[in-house]
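All remarks here apply to the structure that follows.
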Amino acid sequence: MEKLLVEGGKALYGDVAVSGAKNAALPLLAATLLTPGRHVLGNVPDLRDTRTFLRLMEDLGVTHERQGDTVTIDATEVRDAEASYDLVKTMRASVLVLGPLLARRGRARVSLPGGCAIGARPINFHLAGFEKLGVACRLEHGYVDAEVPGRMRGGCVYFDIPSVTGTENLLMAAVLADGVTIIKNAAREPEVGNLIDMLNGMGAQIRGKDSDRLTITGVKSLRPANCRIIPDRIEAGTYLLAIAASGGEGRVTNCQPAHFASLLAKMRQAGFGIQEGGDCVAVRQPLVNAGAPPGWGAADIKTLPFPGYPTDLQAQFMALMTLSNGISVITETIFENRFMHVAELQRLGADIRIDGRSCVVRGQGVKALTGAKVMATDLRASSSLVIAALAARGRSEISRIYHLERGYERLVEKLTALGATVGKENE
Ligand code: EPU
(Lines give C-alpha, C1' and ligand atoms only; values in the text may rest on other atoms or scores of the structure.)
Protein backbone atom coordinates (compact mmCIF):
# COMPACT_ATOMS: atom_id res chain seq x y z
CA MET A 1 0.00 0.00 0.00
CA GLU A 2 1.17 3.50 -0.72
CA LYS A 3 1.00 6.63 1.39
CA LEU A 4 1.06 10.28 0.38
CA LEU A 5 3.71 12.57 1.87
CA VAL A 6 2.81 16.25 2.00
CA GLU A 7 5.12 19.10 3.02
CA GLY A 8 2.46 21.63 3.93
CA GLY A 9 2.34 25.36 4.47
CA LYS A 10 3.08 26.39 0.86
CA ALA A 11 0.57 28.51 -1.02
CA LEU A 12 -0.52 26.95 -4.34
CA TYR A 13 -0.49 29.07 -7.50
CA GLY A 14 -1.32 28.44 -11.14
CA ASP A 15 -3.76 26.62 -13.39
CA VAL A 16 -5.04 23.08 -13.02
CA ALA A 17 -7.04 21.28 -15.72
CA VAL A 18 -9.96 19.10 -14.67
CA SER A 19 -10.35 15.54 -16.01
CA GLY A 20 -13.53 13.77 -17.09
CA ALA A 21 -16.04 13.01 -14.35
CA LYS A 22 -15.73 9.61 -12.68
CA ASN A 23 -19.42 9.53 -11.82
CA ALA A 24 -20.38 10.27 -15.43
CA ALA A 25 -17.82 7.89 -16.95
CA LEU A 26 -19.16 4.86 -15.02
CA PRO A 27 -22.81 5.05 -16.18
CA LEU A 28 -21.75 6.00 -19.71
CA LEU A 29 -19.46 2.97 -19.88
CA ALA A 30 -22.34 0.83 -18.61
CA ALA A 31 -24.66 2.22 -21.28
CA THR A 32 -22.44 0.82 -24.04
CA LEU A 33 -23.69 -2.63 -22.95
CA LEU A 34 -27.09 -1.71 -24.36
CA THR A 35 -26.34 -2.34 -28.00
CA PRO A 36 -23.83 -4.19 -30.21
CA GLY A 37 -21.14 -2.26 -32.07
CA ARG A 38 -18.17 0.03 -31.44
CA HIS A 39 -18.84 2.89 -29.06
CA VAL A 40 -16.48 5.84 -28.69
CA LEU A 41 -16.28 7.77 -25.42
CA GLY A 42 -14.10 10.87 -25.07
CA ASN A 43 -12.62 12.51 -21.95
CA VAL A 44 -12.68 9.22 -20.01
CA PRO A 45 -10.55 9.64 -16.86
CA ASP A 46 -7.94 6.97 -16.21
CA LEU A 47 -8.78 6.10 -12.61
CA ARG A 48 -8.86 3.01 -10.44
CA ASP A 49 -12.68 3.01 -10.68
CA THR A 50 -12.84 3.35 -14.48
CA ARG A 51 -10.24 0.57 -14.81
CA THR A 52 -12.24 -1.65 -12.45
CA PHE A 53 -15.39 -0.96 -14.44
CA LEU A 54 -13.69 -1.82 -17.72
CA ARG A 55 -12.47 -5.07 -16.13
CA LEU A 56 -16.05 -5.89 -15.18
CA MET A 57 -17.11 -5.18 -18.77
CA GLU A 58 -14.35 -7.53 -19.99
CA ASP A 59 -15.80 -10.28 -17.78
CA LEU A 60 -19.08 -9.64 -19.61
CA GLY A 61 -17.34 -10.15 -22.98
CA VAL A 62 -16.87 -6.50 -23.93
CA THR A 63 -13.44 -5.40 -25.15
CA HIS A 64 -11.94 -1.92 -25.13
CA GLU A 65 -9.01 0.10 -26.35
CA ARG A 66 -7.76 3.33 -24.80
CA GLN A 67 -5.96 6.04 -26.77
CA GLY A 68 -5.28 9.04 -24.58
CA ASP A 69 -8.58 9.92 -23.00
CA THR A 70 -10.64 8.23 -25.73
CA VAL A 71 -11.95 4.74 -25.03
CA THR A 72 -13.40 2.63 -27.82
CA ILE A 73 -15.65 -0.15 -26.61
CA ASP A 74 -16.67 -3.14 -28.64
CA ALA A 75 -19.94 -4.42 -27.20
CA THR A 76 -20.71 -6.83 -30.04
CA GLU A 77 -20.86 -9.76 -27.63
CA VAL A 78 -22.29 -9.59 -24.13
CA ARG A 79 -21.90 -12.79 -22.16
CA ASP A 80 -24.17 -14.07 -19.44
CA ALA A 81 -21.83 -13.44 -16.53
CA GLU A 82 -22.26 -12.11 -13.04
CA ALA A 83 -20.77 -9.09 -11.30
CA SER A 84 -19.07 -10.85 -8.39
CA TYR A 85 -18.90 -9.76 -4.76
CA ASP A 86 -15.11 -9.36 -5.02
CA LEU A 87 -15.63 -6.72 -7.68
CA VAL A 88 -18.78 -5.00 -6.40
CA LYS A 89 -17.38 -4.61 -2.89
CA THR A 90 -14.48 -2.58 -4.33
CA MET A 91 -16.79 -0.43 -6.45
CA ARG A 92 -20.50 -0.09 -5.71
CA ALA A 93 -21.15 1.53 -9.09
CA SER A 94 -20.87 -2.00 -10.56
CA VAL A 95 -24.64 -2.19 -9.94
CA LEU A 96 -24.96 0.08 -12.98
CA VAL A 97 -24.67 -2.97 -15.24
CA LEU A 98 -28.07 -4.20 -14.01
CA GLY A 99 -30.19 -1.82 -16.12
CA PRO A 100 -28.41 -2.29 -19.46
CA LEU A 101 -28.01 -6.08 -19.02
CA LEU A 102 -31.72 -6.44 -18.32
CA ALA A 103 -32.52 -4.37 -21.39
CA ARG A 104 -30.15 -6.29 -23.66
CA ARG A 105 -30.31 -9.86 -22.33
CA GLY A 106 -33.35 -9.92 -20.05
CA ARG A 107 -31.22 -11.22 -17.20
CA ALA A 108 -28.57 -9.98 -14.80
CA ARG A 109 -26.86 -11.26 -11.68
CA VAL A 110 -25.02 -8.79 -9.53
CA SER A 111 -23.71 -9.07 -5.99
CA LEU A 112 -25.54 -6.90 -3.47
CA PRO A 113 -22.99 -4.21 -2.56
CA GLY A 114 -23.33 -4.18 1.25
CA GLY A 115 -22.51 -1.15 3.39
CA CYS A 116 -19.52 1.08 2.88
CA ALA A 117 -17.49 3.65 4.81
CA ILE A 118 -20.04 6.44 4.28
CA GLY A 119 -23.31 4.63 5.01
CA ALA A 120 -25.58 1.64 4.40
CA ARG A 121 -26.21 2.62 0.78
CA PRO A 122 -28.99 0.18 -0.15
CA ILE A 123 -30.15 -0.39 -3.76
CA ASN A 124 -33.81 -0.99 -2.89
CA PHE A 125 -34.96 1.93 -5.12
CA HIS A 126 -33.20 0.41 -8.13
CA LEU A 127 -34.85 -2.97 -7.56
CA ALA A 128 -38.32 -1.55 -6.86
CA GLY A 129 -38.00 0.49 -10.07
CA PHE A 130 -37.04 -2.55 -12.15
CA GLU A 131 -40.02 -4.43 -10.74
CA LYS A 132 -42.28 -1.64 -12.01
CA LEU A 133 -40.92 -2.45 -15.48
CA GLY A 134 -41.86 -6.14 -15.13
CA VAL A 135 -38.56 -7.48 -13.80
CA ALA A 136 -38.55 -10.19 -11.13
CA CYS A 137 -35.74 -9.55 -8.64
CA ARG A 138 -34.68 -12.31 -6.23
CA LEU A 139 -32.13 -11.94 -3.48
CA GLU A 140 -30.20 -15.14 -2.80
CA HIS A 141 -26.78 -15.87 -1.34
CA GLY A 142 -25.91 -12.17 -1.38
CA TYR A 143 -26.72 -11.78 -5.06
CA VAL A 144 -29.50 -10.00 -6.92
CA ASP A 145 -30.93 -12.28 -9.60
CA ALA A 146 -33.00 -10.16 -11.93
CA GLU A 147 -34.93 -11.55 -14.86
CA VAL A 148 -37.64 -10.42 -17.21
CA PRO A 149 -39.54 -12.70 -19.54
CA GLY A 150 -39.22 -11.02 -22.96
CA ARG A 151 -38.91 -7.22 -23.10
CA MET A 152 -39.49 -4.91 -20.20
CA ARG A 153 -42.64 -2.82 -20.31
CA GLY A 154 -42.90 0.87 -19.48
CA GLY A 155 -44.04 1.84 -15.99
CA CYS A 156 -44.23 4.66 -13.52
CA VAL A 157 -41.37 4.87 -11.04
CA TYR A 158 -41.24 7.22 -8.04
CA PHE A 159 -38.09 7.63 -5.97
CA ASP A 160 -38.58 8.45 -2.27
CA ILE A 161 -35.22 10.21 -2.45
CA PRO A 162 -33.69 11.20 -5.79
CA SER A 163 -31.06 8.51 -6.34
CA VAL A 164 -28.28 9.23 -8.85
CA THR A 165 -27.32 5.70 -9.86
CA GLY A 166 -30.95 4.60 -9.33
CA THR A 167 -32.12 7.13 -11.94
CA GLU A 168 -29.29 6.07 -14.28
CA ASN A 169 -30.05 2.36 -13.91
CA LEU A 170 -33.76 2.92 -14.59
CA LEU A 171 -33.03 5.13 -17.61
CA MET A 172 -30.84 2.43 -19.14
CA ALA A 173 -33.48 -0.22 -18.50
CA ALA A 174 -36.38 1.86 -19.83
CA VAL A 175 -34.89 3.03 -23.15
CA LEU A 176 -35.50 -0.39 -24.75
CA ALA A 177 -38.74 -1.24 -22.89
CA ASP A 178 -42.13 -1.50 -24.57
CA GLY A 179 -44.08 1.70 -24.00
CA VAL A 180 -43.54 4.79 -21.88
CA THR A 181 -41.74 4.98 -18.53
CA ILE A 182 -42.01 7.97 -16.23
CA ILE A 183 -39.46 8.55 -13.46
CA LYS A 184 -40.72 10.94 -10.80
CA ASN A 185 -38.43 12.63 -8.28
CA ALA A 186 -35.51 11.70 -10.55
CA ALA A 187 -31.97 12.87 -9.73
CA ARG A 188 -30.96 16.03 -11.61
CA GLU A 189 -27.19 15.74 -11.22
CA PRO A 190 -25.20 16.79 -14.32
CA GLU A 191 -23.92 13.20 -14.62
CA VAL A 192 -27.52 12.05 -15.20
CA GLY A 193 -27.82 14.73 -17.91
CA ASN A 194 -24.63 13.44 -19.56
CA LEU A 195 -26.13 9.94 -19.67
CA ILE A 196 -29.40 11.26 -21.13
CA ASP A 197 -27.47 13.06 -23.88
CA MET A 198 -25.55 9.88 -24.68
CA LEU A 199 -28.68 7.71 -24.75
CA ASN A 200 -30.60 10.19 -26.91
CA GLY A 201 -27.56 10.30 -29.24
CA MET A 202 -27.90 6.50 -29.54
CA GLY A 203 -31.53 6.90 -30.65
CA ALA A 204 -33.34 6.78 -27.29
CA GLN A 205 -36.29 9.05 -26.61
CA ILE A 206 -35.89 10.67 -23.22
CA ARG A 207 -37.52 13.98 -22.33
CA GLY A 208 -37.15 16.11 -19.20
CA LYS A 209 -33.35 16.39 -18.91
CA ASP A 210 -32.34 18.51 -15.86
CA SER A 211 -35.81 18.14 -14.36
CA ASP A 212 -37.08 15.73 -11.69
CA ARG A 213 -39.57 14.10 -14.08
CA LEU A 214 -38.17 12.04 -16.91
CA THR A 215 -40.29 10.52 -19.67
CA ILE A 216 -38.77 7.67 -21.62
CA THR A 217 -40.51 6.32 -24.71
CA GLY A 218 -39.04 2.90 -25.38
CA VAL A 219 -37.49 2.26 -28.81
CA LYS A 220 -36.87 -1.06 -30.59
CA SER A 221 -33.12 -0.63 -31.05
CA LEU A 222 -30.23 1.76 -30.45
CA ARG A 223 -27.06 2.59 -32.37
CA PRO A 224 -23.52 2.73 -30.94
CA ALA A 225 -22.60 5.86 -29.03
CA ASN A 226 -20.17 8.66 -29.67
CA CYS A 227 -20.13 10.86 -26.62
CA ARG A 228 -17.89 12.98 -24.40
CA ILE A 229 -17.74 12.72 -20.62
CA ILE A 230 -18.44 16.00 -18.81
CA PRO A 231 -15.70 17.55 -16.64
CA ASP A 232 -15.53 16.34 -13.04
CA ARG A 233 -17.26 18.99 -10.92
CA ILE A 234 -16.06 17.34 -7.69
CA GLU A 235 -12.43 17.32 -8.84
CA ALA A 236 -12.81 20.97 -9.93
CA GLY A 237 -14.21 21.91 -6.52
CA THR A 238 -11.50 19.96 -4.69
CA TYR A 239 -8.69 21.87 -6.46
CA LEU A 240 -10.43 25.20 -5.95
CA LEU A 241 -10.69 24.46 -2.24
CA ALA A 242 -7.08 23.22 -2.08
CA ILE A 243 -5.78 26.43 -3.67
CA ALA A 244 -7.96 28.56 -1.38
CA ALA A 245 -7.04 26.71 1.83
CA SER A 246 -3.32 26.88 1.03
CA GLY A 247 -3.54 30.68 0.89
CA GLY A 248 -2.81 30.70 -2.83
CA GLU A 249 -4.53 31.89 -5.98
CA GLY A 250 -5.15 30.16 -9.27
CA ARG A 251 -7.53 28.82 -11.86
CA VAL A 252 -9.35 25.59 -12.40
CA THR A 253 -9.73 25.07 -16.16
CA ASN A 254 -11.63 22.66 -18.48
CA CYS A 255 -14.65 22.71 -16.20
CA GLN A 256 -18.31 23.75 -16.24
CA PRO A 257 -18.75 26.31 -13.43
CA ALA A 258 -22.55 25.98 -13.52
CA HIS A 259 -22.12 22.39 -12.31
CA PHE A 260 -20.67 23.53 -8.98
CA ALA A 261 -22.41 26.87 -8.54
CA SER A 262 -23.40 25.95 -4.95
CA LEU A 263 -19.72 25.66 -3.95
CA LEU A 264 -18.84 28.93 -5.70
CA ALA A 265 -21.64 30.69 -3.79
CA LYS A 266 -20.28 29.35 -0.48
CA MET A 267 -16.70 30.35 -1.30
CA ARG A 268 -17.88 33.87 -2.15
CA GLN A 269 -19.78 33.94 1.14
CA ALA A 270 -16.53 33.07 2.94
CA GLY A 271 -14.92 36.09 1.25
CA PHE A 272 -12.94 34.56 -1.61
CA GLY A 273 -12.82 36.34 -4.95
CA ILE A 274 -14.39 33.93 -7.44
CA GLN A 275 -14.41 34.77 -11.11
CA GLU A 276 -16.18 32.53 -13.61
CA GLY A 277 -15.19 32.64 -17.25
CA GLY A 278 -16.52 30.16 -19.81
CA ASP A 279 -14.86 26.88 -18.89
CA CYS A 280 -12.74 28.09 -15.99
CA VAL A 281 -12.97 29.55 -12.50
CA ALA A 282 -10.36 31.75 -10.82
CA VAL A 283 -10.02 32.02 -7.05
CA ARG A 284 -8.41 34.94 -5.19
CA GLN A 285 -7.77 35.31 -1.46
CA PRO A 286 -10.19 37.61 0.42
CA LEU A 287 -9.23 41.25 0.74
CA VAL A 288 -7.96 41.96 4.25
CA ASN A 289 -9.66 44.85 6.02
CA ALA A 290 -7.59 47.07 8.30
CA GLY A 291 -7.54 45.65 11.83
CA ALA A 292 -9.13 42.33 10.80
CA PRO A 293 -7.19 39.05 10.94
CA PRO A 294 -5.95 37.71 7.60
CA GLY A 295 -7.88 34.91 5.97
CA TRP A 296 -11.49 34.06 5.32
CA GLY A 297 -14.82 33.94 7.05
CA ALA A 298 -17.11 31.04 7.90
CA ALA A 299 -20.02 29.72 5.84
CA ASP A 300 -22.53 27.00 6.70
CA ILE A 301 -23.35 24.22 4.27
CA LYS A 302 -26.04 21.56 4.10
CA THR A 303 -25.63 18.75 1.59
CA LEU A 304 -28.57 18.19 -0.73
CA PRO A 305 -29.32 16.59 -4.09
CA PHE A 306 -28.31 18.74 -7.11
CA PRO A 307 -28.55 21.73 -7.48
CA GLY A 308 -27.97 21.83 -3.70
CA TYR A 309 -24.51 21.59 -2.17
CA PRO A 310 -22.97 18.17 -3.11
CA THR A 311 -22.17 15.61 -0.41
CA ASP A 312 -19.06 14.76 -2.43
CA LEU A 313 -17.61 18.22 -1.56
CA GLN A 314 -18.65 18.25 2.10
CA ALA A 315 -15.41 16.93 3.61
CA GLN A 316 -13.25 19.23 1.48
CA PHE A 317 -15.24 22.33 2.49
CA MET A 318 -14.90 21.30 6.11
CA ALA A 319 -11.10 21.31 5.69
CA LEU A 320 -11.31 24.93 4.47
CA MET A 321 -13.57 25.90 7.36
CA THR A 322 -11.14 24.58 10.01
CA LEU A 323 -8.92 27.54 8.99
CA SER A 324 -11.61 30.25 8.85
CA ASN A 325 -12.04 33.14 11.27
CA GLY A 326 -15.50 32.05 12.39
CA ILE A 327 -17.80 29.15 13.25
CA SER A 328 -19.33 27.02 10.54
CA VAL A 329 -22.11 24.43 10.77
CA ILE A 330 -21.83 21.61 8.24
CA THR A 331 -24.88 19.39 7.87
CA GLU A 332 -24.84 16.10 5.96
CA THR A 333 -28.27 14.94 4.82
CA ILE A 334 -27.39 12.40 2.09
CA PHE A 335 -25.27 9.78 3.84
CA GLU A 336 -25.55 8.85 7.53
CA ASN A 337 -21.87 8.20 8.21
CA ARG A 338 -19.99 10.74 6.19
CA PHE A 339 -17.93 12.35 8.96
CA MET A 340 -15.10 9.80 9.06
CA HIS A 341 -12.66 12.58 8.16
CA VAL A 342 -13.43 14.52 11.35
CA ALA A 343 -11.22 12.45 13.66
CA GLU A 344 -8.38 12.67 11.13
CA LEU A 345 -8.77 16.46 10.69
CA GLN A 346 -8.63 16.68 14.49
CA ARG A 347 -5.22 14.98 14.37
CA LEU A 348 -4.09 17.94 12.26
CA GLY A 349 -5.36 20.32 14.96
CA ALA A 350 -8.89 21.09 13.74
CA ASP A 351 -11.57 22.06 16.25
CA ILE A 352 -14.70 20.14 15.17
CA ARG A 353 -17.58 18.77 17.22
CA ILE A 354 -20.00 16.25 15.73
CA ASP A 355 -23.60 16.74 16.76
CA GLY A 356 -25.79 14.15 15.03
CA ARG A 357 -25.95 14.96 11.33
CA SER A 358 -24.11 18.27 11.80
CA CYS A 359 -20.59 19.34 12.64
CA VAL A 360 -19.69 22.56 14.37
CA VAL A 361 -16.35 23.70 13.00
CA ARG A 362 -14.57 26.41 14.99
CA GLY A 363 -12.20 28.00 12.54
CA GLN A 364 -8.89 28.90 14.15
CA GLY A 365 -7.38 31.12 11.47
CA VAL A 366 -5.11 30.40 8.55
CA LYS A 367 -2.13 28.99 10.44
CA ALA A 368 -4.09 26.65 12.72
CA LEU A 369 -3.20 23.21 11.40
CA THR A 370 0.03 21.26 11.85
CA GLY A 371 1.18 18.22 9.89
CA ALA A 372 0.51 14.72 11.27
CA LYS A 373 0.04 11.09 10.25
CA VAL A 374 -3.55 10.49 9.16
CA MET A 375 -5.53 7.74 7.49
CA ALA A 376 -7.73 7.96 4.41
CA THR A 377 -11.11 6.25 4.89
CA ASP A 378 -12.99 6.93 1.67
CA LEU A 379 -12.46 8.87 -1.51
CA ARG A 380 -13.75 12.31 -0.54
CA ALA A 381 -12.60 12.07 3.09
CA SER A 382 -9.12 11.46 1.69
CA SER A 383 -9.21 14.56 -0.47
CA SER A 384 -10.20 16.68 2.53
CA LEU A 385 -7.10 15.35 4.32
CA VAL A 386 -4.96 16.33 1.34
CA ILE A 387 -6.39 19.87 1.45
CA ALA A 388 -5.79 20.14 5.20
CA ALA A 389 -2.28 18.67 4.90
CA LEU A 390 -1.36 21.15 2.14
CA ALA A 391 -2.46 24.02 4.40
CA ALA A 392 -0.89 22.61 7.58
CA ARG A 393 2.56 23.64 8.75
CA GLY A 394 5.04 20.78 8.44
CA ARG A 395 4.91 17.25 7.13
CA SER A 396 1.89 14.98 6.91
CA GLU A 397 1.59 11.35 5.90
CA ILE A 398 -1.72 10.15 4.52
CA SER A 399 -1.99 6.37 4.46
CA ARG A 400 -4.30 4.19 2.34
CA ILE A 401 -4.26 6.52 -0.64
CA TYR A 402 -5.76 3.87 -2.90
CA HIS A 403 -9.02 5.62 -2.01
CA LEU A 404 -7.75 8.80 -3.69
CA GLU A 405 -6.69 6.91 -6.78
CA ARG A 406 -10.29 5.82 -7.30
CA GLY A 407 -11.35 9.33 -8.20
CA TYR A 408 -8.49 11.78 -8.77
CA GLU A 409 -6.51 11.42 -11.99
CA ARG A 410 -2.77 12.26 -11.73
CA LEU A 411 -3.27 13.91 -8.34
CA VAL A 412 0.42 14.18 -7.41
CA GLU A 413 1.31 15.55 -10.84
CA LYS A 414 -1.46 18.17 -10.76
CA LEU A 415 -0.64 19.31 -7.22
CA THR A 416 3.08 19.46 -8.01
CA ALA A 417 2.35 21.70 -11.00
CA LEU A 418 0.56 24.06 -8.58
CA GLY A 419 3.73 24.23 -6.47
CA ALA A 420 2.89 21.66 -3.79
CA THR A 421 5.55 19.38 -2.31
CA VAL A 422 3.86 15.99 -2.43
CA GLY A 423 4.99 12.47 -3.21
CA LYS A 424 4.07 8.84 -2.81
CA GLU A 425 5.96 6.24 -0.80
CA ASN A 426 5.37 2.58 -0.01
CA GLU A 427 4.02 2.02 3.48
N1 EPU B 1 -30.79 5.43 -1.36
C2 EPU B 1 -31.64 4.48 -0.84
N3 EPU B 1 -31.96 3.42 -1.63
C4 EPU B 1 -31.49 3.27 -2.88
C5 EPU B 1 -30.62 4.26 -3.42
C6 EPU B 1 -30.29 5.32 -2.61
O7 EPU B 1 -32.09 4.57 0.30
O8 EPU B 1 -31.84 2.29 -3.55
C9 EPU B 1 -30.42 6.59 -0.53
C10 EPU B 1 -28.93 6.58 -0.18
O11 EPU B 1 -28.66 5.79 0.96
C12 EPU B 1 -28.67 8.05 0.03
C13 EPU B 1 -29.58 8.72 -1.01
O14 EPU B 1 -30.57 7.75 -1.32
O15 EPU B 1 -29.10 8.42 1.30
C16 EPU B 1 -28.92 9.17 -2.28
O17 EPU B 1 -28.05 8.16 -2.76
P18 EPU B 1 -27.75 7.96 -4.32
O19 EPU B 1 -28.43 6.72 -4.77
O20 EPU B 1 -28.02 9.21 -5.06
O21 EPU B 1 -26.19 7.68 -4.31
P22 EPU B 1 -25.42 6.77 -5.35
O23 EPU B 1 -26.11 6.81 -6.65
O24 EPU B 1 -25.13 5.44 -4.73
C25 EPU B 1 -23.88 8.63 -6.33
C26 EPU B 1 -22.41 8.85 -6.47
C27 EPU B 1 -21.81 9.14 -5.10
C28 EPU B 1 -22.51 10.39 -4.55
C29 EPU B 1 -24.01 10.16 -4.49
C30 EPU B 1 -24.79 11.38 -4.04
C31 EPU B 1 -21.84 7.51 -8.40
C32 EPU B 1 -21.15 6.33 -8.95
N33 EPU B 1 -21.80 7.67 -7.07
O34 EPU B 1 -24.03 7.51 -5.46
O35 EPU B 1 -20.44 9.43 -5.31
O36 EPU B 1 -22.03 10.67 -3.26
O37 EPU B 1 -24.50 9.79 -5.79
O38 EPU B 1 -24.56 12.46 -4.89
O39 EPU B 1 -22.43 8.30 -9.14
C40 EPU B 1 -18.15 9.57 -4.74
O41 EPU B 1 -17.90 9.85 -5.92
O42 EPU B 1 -17.29 9.66 -3.83
C43 EPU B 1 -19.49 9.10 -4.37
C44 EPU B 1 -19.74 8.47 -3.22
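When reading the values below, keep in mind they use all heavy atoms of this one structure, side chains included, and skip hydrogens, waters and symmetry mates. In this text, all values refer to a predicted model and were calculated from it rather than measured experimentally. Every number for a ligand or one of its atoms is a count from 1 in the order of the listing.
With salt bridges taken as basic N to acidic carboxylate O contacts below 4.0 Å, none links Glu405 and Arg51. With respect to Asp312 and Arg338, a salt bridge is recorded, a charged nitrogen being found less than 4.0 Å from a carboxylate O. No salt bridge links Arg188 with Asp212; every basic N to acidic carboxylate O contact stays at or beyond 4.0 Å. A salt bridge is absent between Arg400 and Glu427; no separation between the charged side-chain nitrogens and carboxylate oxygens falls under 4.0 Å. Using a 4.0 Å cut-off between a side-chain N of Lys or Arg and a carboxylate O of Asp or Glu, Asp300 and Lys266 do not qualify as a salt bridge.
Checking only distances, Glu168 never comes within under 3.5 Å of ligand 1, N or O to N or O. Any N or O atom pair closer than 3.5 Å counts here, and Ala93 shares no such pair with ligand 1. By the 3.5 Å distance cut-off applied to N or O atoms, Ile161 is not counted among the residues near ligand 1. On a distance-only criterion, Pro122 and ligand 1 share at least one N/O pair closer than 3.5 Å. For ligand 1, none of its N or O atoms has an N or O atom of Gly166 under 3.5 Å away.
Here Asn124 has heavy atoms under 4.0 Å from ligand 1 in both its backbone and its side chain. Counting heavy atoms closer than 4.0 Å to ligand 1, residue Phe335 contributes side-chain atoms (C-beta onward) but none from N, CA, C or O.
Under a 4.0 Å criterion applied to the non-hydrogen atoms of Ile334, ligand 1 contributes the atoms 12 (C), 15 (O), 16 (C). Close contacts of ligand 1 with Arg338, meaning ligand atoms under 4.0 Å from a residue heavy atom, involve 36 (O), 42 (O), 44 (C). The ligand atoms of ligand 1 that sit less than 4.0 angstrom from a heavy atom of Thr311 are 30 (C), 36 (O), 38 (O). Atoms of ligand 1 found under 4.0 Å from any heavy atom of Thr165 (numbered from 1 in listed order, with element): 22 (P), 23 (O), 24 (O), 31 (C), 32 (C), 39 (O). Of all atoms in ligand 1, listed by their number and element, those nearer than 4.0 Å to a heavy atom of His126 are 8 (O). Numbered from 1 in the order shown, with element, the atoms of ligand 1 that lie under 4.0 Å from a heavy atom of Lys22 read 40 (C), 41 (O). Within ligand 1, counting atoms from 1 as listed, the ones closer than 4.0 Å to a heavy atom of Leu379 are 42 (O).
Environment of CZ in Arg104: crowded, with over 12 heavy atoms of neighbouring residues, nucleotides or ligands closer than 6.0 Å.
Between the side chains of Ser19 and Glu409, at least one donor-acceptor pair of N or O atoms lies under 3.5 Å.
Ring geometry, His259 versus Phe306: the interplanar angle exceeds 60°, so the pair is classed perpendicular (tilted spans 30 to 60°). Using a 30° and 60° split on the angle between ring planes, Tyr239 and Tyr408 fall in the perpendicular class, above 60°.
The shortest heavy-atom distance from Glu235 to ligand 1 is not under 4.0 Å.
Note that CD of Glu344 is 11.0 Å distant from CD1 of Ile352, once rounded to the nearest 0.5 Å.
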